[in-house]
Structure formats: structure tokens, C-alpha cells
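Basis for what follows: all heavy atoms, side chains included, without hydrogens, waters or symmetry-related copies.
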Amino acid sequence: MEDLANKFKSKLGLGNDRQNVYGGPGSSWHGPGQYPSQPPIYHQPPPDYYPSQPHTPYPQQQPFQSFPAPQQHSLGYSNAPPPLPTRPAPAFPDHSSQDSGGRPPPTAPRPQGDNAYTSHEPNAPPPVVKAATRPDATPQPEPTSKPSASLQTSEPAAAAGALYKPGEYPTPDLFPFPLSRHRILAHPSSFTSIVIQQAINELGPHSTLYLPPNTRWTVSSTIHLRPHQEIATLGYPTEETEIAWLEAEEGCTGHVLKATDMPGVRIRNIGFDGGREKYGYAKTNDCIVQLGGSKGFNQAIDRCIIRHPRQWSCLQAFQGAENVRVTNNRLGPAGYDEDAEDGGHWADGISYAAQNGLVAGNLVQDATDGGIVIFGAPGTLVTSNTIVTRTRMALGAINMVDYGPHDGNYLGTRVIHNTIRVEGSYLKIGIGQGSSVWFIPPNDKPREYIRGAVVKRNLITGPLSNDSQGRVGYGFPVSDVLDWTCTENQVSSNVTFSGDMSEMSRDPRHTSIGPGPFVKAPSQGGRGPKSSQLQPDFVEGPIMRLIAIRPGAPRYQVFWPGQISLRLGESVALQKVRLAFDNDGEVRLHMRTERGEEVLWEVGSRNHVRGRHDARLVFEQRSRHLDIVDGAGNVLFDLTPHLLNPLSAAVALSLSDERPHLVLSAIESGSILWAPTGYEVGYQWSIGSEPLVYQTAPRYSHIFVSGLNPLGQYVVMKSIGRPLVGPIRYWPPDERMWSIVWKSHEVNNQEQEPGSHIIFQGDGNLVIYSGKDGRALWASGSCGRQPPATRLRWTDGEGGQGLLSCMTDDGKTWWSTQGKAVG
């Protein structure tokens with residue numbers, strides 16, 4: 001069997017002989033009419049899950065060999081396999097099967113006074129007690145024609161997405177017969193967990209307990225398995241309405257089934273309902289099924305349905321274990337998002353920390369925290385899973401963001417060939433990689449880097465219908481990683497990336513790059529994504545708690561170089577404001593009002609673009625300028641000609657519904673490099689010697705620069721002659737390049753005031769304070785007015801405006817530099 005597994009790993013190019021990646025035919029859970037009849041291993045992947053490119057098929061496994069003749073044990077148990085169904089749907093066994101030796105396997109005598117167990121008589125299958133009601137159906141993927149969506153990637157075309165349909169990942173090691181001795185729980189005294197636990201205890205290790213098909217069992221307390229035990233529905237049916245169901249009662253707030261530290265256990269073809277829909281959220285640190293642990297080797301859970309956890313996860317594989325195989329299961333719905341009436345309480349589909357394991361062929365639908373959360377899990381293969389968001393907003397489809405419990409060790413963890421399908425509900429993150437994707441790193445501790453994983457050939461796609469789009473915040477964000485590989489991943493064109501990061505973006509310490517398919521954080525001190533192998537589609541920018549993004553049009557959005565590329569007629573829209581590259585070649589800011597749209601600003605580019613239908617408005621990655629370019633990349637019009645080309649400083653462009661609407665700023669210093677509609681701040685704005693505020697005059701005839709100098713003066717300087725084309729030596733100013741047009745006050749002795757700062761106070765007064773003794777060096781005198789001044793505004797001085805003004809909310813000016821004489 002190990003050789004057979006290694007053949008499959010060799011086909012996948014995965015290596016790692018310790019990893020049991022098994023292959024072979026498996027039963028599908030899909031009912032008649034769900035999918036066309038075809039073998040489970042495809043020469044051409046079906047259109048609803050996979051891209052159009054064919055992939056190399058894997059070889060079919062050899063059929064199972066005949067089992068040896070059954071032997072009778074002294075205790076009355078048999079090693080013969082149980083009767084097998086003759087069709088995929090559950091069926092009673094054919095007792096003439098040659099595999100069973102022509103007779104049913106004997107069972108242990110029933111406990112005295114209990115009719116929980118029954119033996120089979122030849123040609124007389126045990127009666128099966130039907131459930132009074134069938135479980136609520138879990139939505140199935142609907143067959144449809146192949147979407148025409150193209151793929152967004154600059155890499156050569158390669159098959160991306162799951163290679164197997166959900167439920168059909170090969171598992172030839174899971175034979176359809178019991179582990180040594182077995183029992184069938186037919187005609188129990190009650191359909192409760194008490195009866196199940198009693199049978200488990202009496203069977204002991206190396207045994208199988210079968211539950212009759214289509215039965216429901218109430219669980220009042222956790223069911224505990226023993227080493228090398230299997231629990232399964234008789235006949236291993238795959239239909240939801242034919243498997244046996246374990247349903248938690250209200251008092252069962254812990255695990256429904258626990259196999260922690262139990263080696264060799266198998267959980268197969270069982271349904272689990274945690275009861276969240278009936279009983280609500282339970283404040284415990286448990287989940288429905290728990291596996292793993294330091295002794296939990298060689299465990300398997302296959303073709304189960306797990307949904308409605310009352311706690312944090314459907315299924316957990318605890319660290320310490322190896323070769324825990326989670327295959328072909330259906331998980332979810334799980335939890336609710338933050339918009340739910342009870343405050344949400346998210347939940348995972350699969351929470352996996354075991355080593356050298358396998359997570360494959362699973363369908364996770366509407367898990368609100370993480371569809372599959374990988375806690376390091378070194379050596380584990382995560383492949384051919386399908387994660388669907390349909391009715392509940394999800395934080396992440398696949399999460400690789402946790403430093404613990406393996407201290408950042410993701411060595412040998414492979415996340416390859418998975419499909420993320422975004423249908424009706426919003427998905428915040430596709431595959432999150434690195435801790436700051438999820439968290440705000442603490443300032444008082446070193447960053448925690450995770451290392452060593454491979455994320456490859458995964459696909460994010462939208463709804464199956466061609467007339468709608470999937471909505472995602474971030475596709476494959478990467479931060480705080482070392483020796484990481486993220487390549488050949490793809491995004492379908494029926495996915496749009498949008499969302500509102502206003503909650504985080506107003507704090508400059510927590511500003512993040514705007515939504516997009518491939519975003520990465522800058523390296524810090526030579527550490528980070530630059531030490532890794534990433535596909536060329538990535539755009540660089542700060543990443544900080546991306547799960548704060550919200551669906552819908554933002555009120556404020558930050559763009560980094562490479563994130564803006566607009567064709568004629570396209571725009572970037574917020575709730576009120578949109579930056580547009582209009583069809584006439586003009587770049588404009590439009591504001592939505594009750595009277596319709598109004599133009600706030602236009603740059604004057606139309607004459608430079610006329611007749612150029614290939615023109616695009618871009619935020620250039622190399623020059624870091626905002627340019628209009630032609631199809632060959634030649635600059636037709638530069639919106640920021642006063643900046644050095646290329647600009648050495650890291651910059652970002654922010655768009656806001658509130659003033660200032662459009663701002664280009666330097667990240668490290670905070671200097672405002674360009675604000676064509678004016679720059680404004682509110683109460684408690686305070687700076688030292690940086691940042692500076694640059695203002696461009698109309699037609700870029702000259703530049704104004706404002707800042708606090710070492711003497712404790714706030715000054716406004718104007719360029720002489722040519723516009724500024726690079727960084728300036730701020731103080732003392734080069735008199736050939738700059739003239740001071742306004743300063744706050746005179747300094748007679750030219751004594752410097754180190755540490756001085758200027759603040760716009762809550763009383764509307766603009767004040768400069770000494771860094772030596774805290775005394776006020778200068779004040780605008782704009783305090784005590786009614787209504788109070790609430791805004792501090794910089795302009796280019798056109799139309800009689802002051803270069804710097806203290807203003808009220810309704811635009812009344814209480815103080816400005818207008819008419820002030822130097823000195």
C-alpha cells in the first residue's frame with residue numbers, strides 16, 4: 001500500500017514518503033442527476049469546478065483482490081467483511097456475496113437485558129429503523145455549462161483548481177470491510193449516544209461499529225473512540241438521506257465525537273449535526289469532531305457530513321499526530337458572520353495542525369471563519385478541496401496565518417490544486433498567508449514569520465452563471481513569510497476585488513493596500529516576501545489585518561503603485577466620490593450629490609489623449625507617478641511632473657469621500673506630495689519637522705512647500721523658475737530654488753528649537769509649542785469663535801484663498817495666511 005501511495009505522490013510531484021497520499025476510486029456523494037455518470041478520475045475536469053485546460057490523468061488503481069476465507073474467532077467474532085451494497089446508494093447486503101463466504105458475519109451475543117445488537121440470519125437482512133424525519137439537505141453544487149471566465153494571471157497557462165470533484169478523492173486504503181471484529185447496532189434499546197458508547201467500550205480496540213442506514217442518534221455527551229476503532233454507517237452509503245446521523249442535544253456543548261490520542265481510528269460515512277441552528281452558540285473551546293494528539297497516528301475521517309457547530313470548528317486535527325487523513329467530507333454551514341443578530345461567532349470548517357497528513361476532496365460550504373485553517377501542519381498535503389461561499393460571509397477560504405502551535409514551521413506543507421468558488425456571499429480573503437494578514441503585529445515584539453510552505457495552482461472563481469460576479473476582498477495576500485512559494489495561482493475574470501477598509505485606513509499605522517487578487521507586504525530588514533518565490537502578478541504595499549475589510553463601496557481607499565490601471569470610460573468609485581478616466585481623455589473627480597454628479601476637479605489631459613483609444617490611467621510601479629500612457633507604455637501625460645522620476649520614496653495614493661479627496665503621500669515621512677483638491681486635517685493634527693505639504697499651482701507653474709523648520713517657525717516656500725523635480729533640501733532653503741512667502745513669526749537670535757511641534761487644537765487654535773520648555777512660540781488666535789474652526793486647510797492660493805487657513809465645517813475662514821506680510 002505504501003508503494004501505491006508513493007506512486008500517486010510521484011504523479012503529483014510531492015515527495016515526502018511519510019505522507020500517505022492514497023489514490024483509487026471512491027464513491028461520490030452526489031445523487032442521480034447531480035453529475036454525469038463517469039469514472040471518478042477524469043481525463044478532462046468537469047466545467048463547474050475546473051479551468052478549461054486538461055491535465056494528465058492519474059492511473060486507475062488495480063481492483064481489490066479477493067479477500068481470504070473468513071476465520072471464526074473463539075470470541076464469536078469474524079474477520080469476514082460485512083455485506084457490501086450492490087449500488088452507490090445504500091442497499092441491504094447480498095448475503096450470497098462470495099466475499100462474505102456465502103453467509104453473514106456472526107456478531108457478539110447481546111448484553112443481558114439489552115436488545116441493542118442483533119445478528120444476521122442468512123438471506124434475512126436486519127430490519128433498519130428509519131428516521132422519523134430526514135435531515136435538512138445540504139445544498140449541492142448544481143451542474144451547469146462551463147463558465148466563459150478567463151483567468152487573471154501573467155504566468156503561462158496551467159491547470160489550476162481541484163483535480164477531483166468533492167467526494168471523489170481516491171482512498172483505496174479505506175476497504176469496505178471492518179477492522180477485525182464488528183457489530184451492527186440494529187434494534188437498539190434507544191437511539192442514543194449511551195448505547196453507542198456502550199457498544200464501543202465492549203468491542204474494544206481493533207473493531208468496527210456499524211450504525212444502520214438512515215437512523216438518527218441523539219448525543220447527550222461526547223462519544224469517545226478506542227484505539228484502532230472504526231465507526232461507520234452499514235454499507236458505507238454516501239447519500240445524505242441514507243447515512244446515520246449523530247445529533248447533539250442541547251446539553252451536549254462539548255465534542256460530539258472525540259478520538260484524540262487514539263491511533264488508527266476511522267470515522268466513515270456518518271452525519272454530524274452540532275445543533276447550532278436549534279440551540280444557538282455555546283461558549284466552549286470544543287468542536288464537533290476532534291482528532292489528532294500526540295498518540296493520534298494514522299487516523300482517517302472520510303465521506304462524513306459535519307455541520308452547524310455550536311463552537312469554533314466542525315473538525316479539528318490536533319498537533320502532535322501524524323498521518324491524519326481528512327478526505328471527501330462535506331463541512332458547513334459553520335457559524336455566522338459579524339452581521340448576524342447574535343453578534344456572529346464565526347466557525348471553521350477544518351482546523352488542521354497535525355503533521356504529514358492529508359486534507360483532500362472535501363467540500364466546505366459557508367464556513368464563516370476559515371474554510372480550511374492550517375496551523376503549520378508541516379509535511380501535510382492540502383489538495384483538491386472545494387470551498388464555497390454561498391449564503392454567509394466568510395473571513396477566509398484557506399488560512400495560513402498562525403505562528404502556533406509549530407512556531408511558524410510550515411515546511412513541506414503543500415496547498416495545491418484547490419478551488420475557491422465565490423457565489424452569493426462575500427469572501428474577505430482567498431488564501432491568506434502570513435500573520436499580519438489576520439492580525440495587527442504588536443509594536444513591542446519582533447514580527448513572527450512563518451516559513452516553508454508551497455501554495456500553487458489554486459483557483460478563485462465566481463458563480464457558475466455567466467451573468468454575475470463573485471465578490472472578494474483579497475485573493476492571495478502574502479506577508480511575514482520566509483522561504484515561501486506562491487506560484488501559478490489563478491483568478492477567474494468573473495471575480496471582482498472590492499471592499500471597504502475605512503475602519504483601518506484612517507490610522508496611518510494600520511493602513512493597508514487596497515483590495516486586489518495578488519498583494520504582498522514589503523520586506524522588512526531583508527526578511528519577508530522578497531526571500532520567497534512569488535508569481536509576478538503581486539503588487540506590493542502594507543498589509544495589516546485585512547479581515548477588517550467590509551463588503552460594499554468604501555468611503556476611503558488607499559492604492560499602491562501598480563494598483564490603478566483604468567481604460568477610457570473606467571473609474572474607481574467610493575460611496576460618493578469616483579476617480580474617472582472619462583471617454584474624452586480627461587481625468588476627473590466626480591462627487592455624487594442629491595442633484596446628481598458634480599465635477600470636483602479635472603486635470604486638463606484631454607488634448608494630450610485625443611484619438612488614443614489605447615490610453616490608460618496608471619499608477620506606475622517603476623516611476624511611482626500617476627500617468628496616462630499609451631498601449632506601449634509611453635507617457636502621454638504626467639499628473640505628477642513635479643516629482644523625481646523615478647521617485648525613490650515609497651508612496652501611496654488615497655481616495656476619500658471626505659476632504660482631502662485625492663492625496664499622494666510618502667509612506668515613511670508622511671509628507672503630502674500631491675493634493676490637487678487641497679489638503680485638510682481636523683482636530684488634534686500635530687507634527688514635528690515632518691511631514692511637509694506640497695501644493696502644485698495650476699498648470700504646474702510652481703510649487704508651494706509648507707513645514708516646520710528647526711527654528712520653530714512654520715513656513716510656506718514657493719519654487720523659483722522650474723517646478724520641483726525631486727526631493728528638496730528643506731532647511732536652510734536653497735535661495736536659487738526657493739523663496740519664503742509666509743512664516744509664522746520672526747526669530748531674532750536664530751536659536752533652534754529642537755523638538756518643537758505644531759498642533760491644531762480642539763478649540764480651533766493653531767499653535768506652535770517649544771520642544772525645550774513647552775511654551776507657546778506662536779498661535780493663530782482662531783480660538784473662541786462660534787462656530788469653532790474645525791478644519792486646517794492648505795491650498796495653492798488661487799481665487800483669493802489663503803495658502804493655509806483655519807476654517808469651520810461650513811467653509812467660513814477664521815484665520816489664514818491671506819494678506820499676511822512676511823516678518
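- Formation of a donor-acceptor pair under 3.5 Å by the Asn399 side chain with backbone atoms of Val401 is not found in this model.
- Considering CG of Leu574 and OH of Tyr556, their distance stands at 10.5 Å, rounded to 0.5 Å.
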Checklist entry - Yes or no on side-chain contact (heavy atoms from CB on, under 4.5 Å) for Leu777 and His745, after CA distance, side-chain angles and deciding distance? => result CA-CA 8 Å; Leu777 300 177; His745 61 288; 4.2 Å; yes

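- For His661 (side chain) and Ser656 (main-chain N/O), a donor-acceptor pair under 3.5 Å exists by modelled atom type.
- For the pair Ser532 (side chain) and Trp484 (backbone), a donor-acceptor distance under 3.5 Å is present.
- With a 4.5 Å cut-off on side-chain heavy atoms, Ile549 and Tyr426 count as touching.
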Item to check | Worked verdict on Phe704 versus Leu803 for side-chain contact (heavy atoms from CB on, under 4.5 Å) | outcome: CA-CA 9 Å; Phe704 294 103; Leu803 296 170; 4.0 Å; yes

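- Classification of the Trp601-Trp674 ring pair by plane angle, with boundaries at 30° and 60°, yields perpendicular.
- Considering every non-hydrogen atom in both Gly514 and Gln563, the closest pair reads O-NE2, 3.0 Å.
- To the nearest 0.5 Å, atoms CG (Asn709) and CE (Met717) are separated by 8.5 Å.
- In this structure, the side chains of Leu639 and Val587 come closer than 4.5 Å at one or more pairs of heavy atoms.
- Residues Ser435 and Glu448 bring no donor and acceptor atom of their side chains to less than 3.5 Å of each other.
- With salt bridges taken as basic N to acidic carboxylate O contacts below 4.0 Å, none links Asp809 and Arg791.
- For the residue pair Gly585 and Val609, the shortest heavy atom distance occurs at O-CG2, 3.8 Å.
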Checklist entry - Step by step, would you call Leu673 with Thr640 a side-chain contact (heavy atoms from CB on, under 4.5 Å)? => result CA-CA 9 Å; Leu673 304 179; Thr640 51; over 6 Å; no

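- Asp614 contributes a side-chain N or O that, together with a main-chain N or O of Gly631, makes up a donor-acceptor pair within less than 3.5 Å.
- Remark: the backbone N or O of Ala573 is not paired with any side-chain donor or acceptor of Ser571 at under 3.5 angstrom.
- The two residues Met501 and Ser512 make their nearest non-hydrogen contact at CE-CB, 3.8 Å.
- The shortest side-chain heavy-atom distance between Ile564 and Leu653 falls under the 4.5 Å cut-off.
- In this structure, Val599 and His590 have side chains that are in contact, with non-hydrogen atoms separated by less than 4.5 Å.
- The shortest non-hydrogen separation linking Val478 to Ile543 is O-CD1, 3.4 Å.
- In this structure, Gln535 CD and Cys486 SG are separated by 5.5 Å, a value rounded to the nearest 0.5 Å.
- Using a 4.5 Å cut-off on side-chain heavy atoms (C-beta onward), His642 and His625 make no contact.
- You'll find the side chain of Leu395 stays beyond 4.5 Å of the side chain of Ile429, heavy atoms only.
- Screening Arg555, Arg471, Lys428, Arg550 against Asp500 for a salt bridge (Lys or Arg N to Asp or Glu O under 4.0 Å) leaves a single residue, Arg555.
- Between the Ser623 side chain and the Pro646 main chain, no donor and acceptor come within less than 3.5 Å of each other.
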Next on the checklist: What verdict does the side-chain contact (heavy atoms from CB on, under 4.5 Å) test give for Ser756 and Tyr769, after you've listed the backbone C-alpha separation in whole Å, the side-chain angles of each residue and the deciding distance to 0.1 Å?
Outcome noted: CA-CA 6 Å; Ser756 60; Tyr769 288 99; over 6 Å; no

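- Ring geometry, Trp794 versus Tyr714: the interplanar angle falls from 30° to 60°, so the pair is classed tilted.
- Under a 3.5 Å cut-off, the side chain of Gln575 and the backbone N or O of Ala553 do form a donor-acceptor pair.
- At a threshold of 4.5 Å between non-hydrogen side-chain atoms, the residues Val558 and Trp560 count as touching.
- Using bins of under 30°, 30° to 60° and over 60° for the plane-to-plane angle, the ring pair Phe476/Phe518 lands in the parallel bin.
- Counting heavy atoms of neighbouring residues, nucleotides and ligands inside a 6.0 Å radius, atom NZ of Lys812 does not exceed 12 of them.
- Under the 3.5 Å distance criterion, the side-chain polar atoms of Asn765 are matched with a main-chain donor or acceptor of Ser782.
- The two atoms that bring Asp369 and Trp346 nearest to each other are CB-CB, 3.5 Å, heavy atoms only.
- Panel note: side chain Ser671, backbone Ser665; no donor-acceptor pair is recorded below 3.5 Å.
- Only one option out of Arg588, Arg592, Arg578, Lys576 pairs with Glu597 in a side chain to side chain donor-acceptor pair (under 3.5 Å); it is Arg578.
- A pairwise comparison of heavy atoms in Pro515 and Gly473 identifies CB-O, 3.2 Å as the closest pair.
- Here the NE2 atom belonging to His757 is positioned 9.5 Å from the CG atom belonging to Leu708, to the nearest 0.5 angstrom.
- Between Arg610 and Glu586 there is no salt bridge, since no side-chain nitrogen of the basic residue lies less than 4.0 Å from a carboxylate oxygen of the acidic one.
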Next on the checklist: Please evaluate residues Asp773 and Arg775 with respect to the criterion salt bridge (Lys or Arg N to Asp or Glu O under 4.0 Å), reporting the C-alpha separation (whole Å), side-chain torsions for both, the decisive distance (0.1 Å), and the verdict.
Outcome noted: CA-CA 6 Å; Asp773 52 20; Arg775 62 190 172 87; 3.0 Å; yes

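- Under 4.0 Å is where a charged nitrogen must lie from a carboxylate oxygen, and between Arg451 and Asp483 no such pair does.
- Put simply, the side chain of Glu540 never gets that close to the backbone of Phe538: no donor and acceptor are under 3.5 Å apart.
- Taking CZ of Arg624 as the start and CG of Leu643 as the end, the distance is 11.5 Å to the nearest 0.5 Å.
- In summary, Asp630 and Arg612 engage in a salt bridge, as defined by a charged side-chain N under 4.0 Å from a carboxylate O.
- Side-chain contact check for Gln433 versus Lys520: every heavy-atom pair is 4.5 Å or farther apart.
- Under the 3.5 Å distance criterion, with hydrogens and angles disregarded, no donor-acceptor pair is assigned to the side chains of Ser805 and Thr813.
- Summarising the geometry, atom OH belonging to Tyr449 is positioned 5.5 Å from atom CG belonging to Asp480; distances are rounded to the nearest 0.5 Å.
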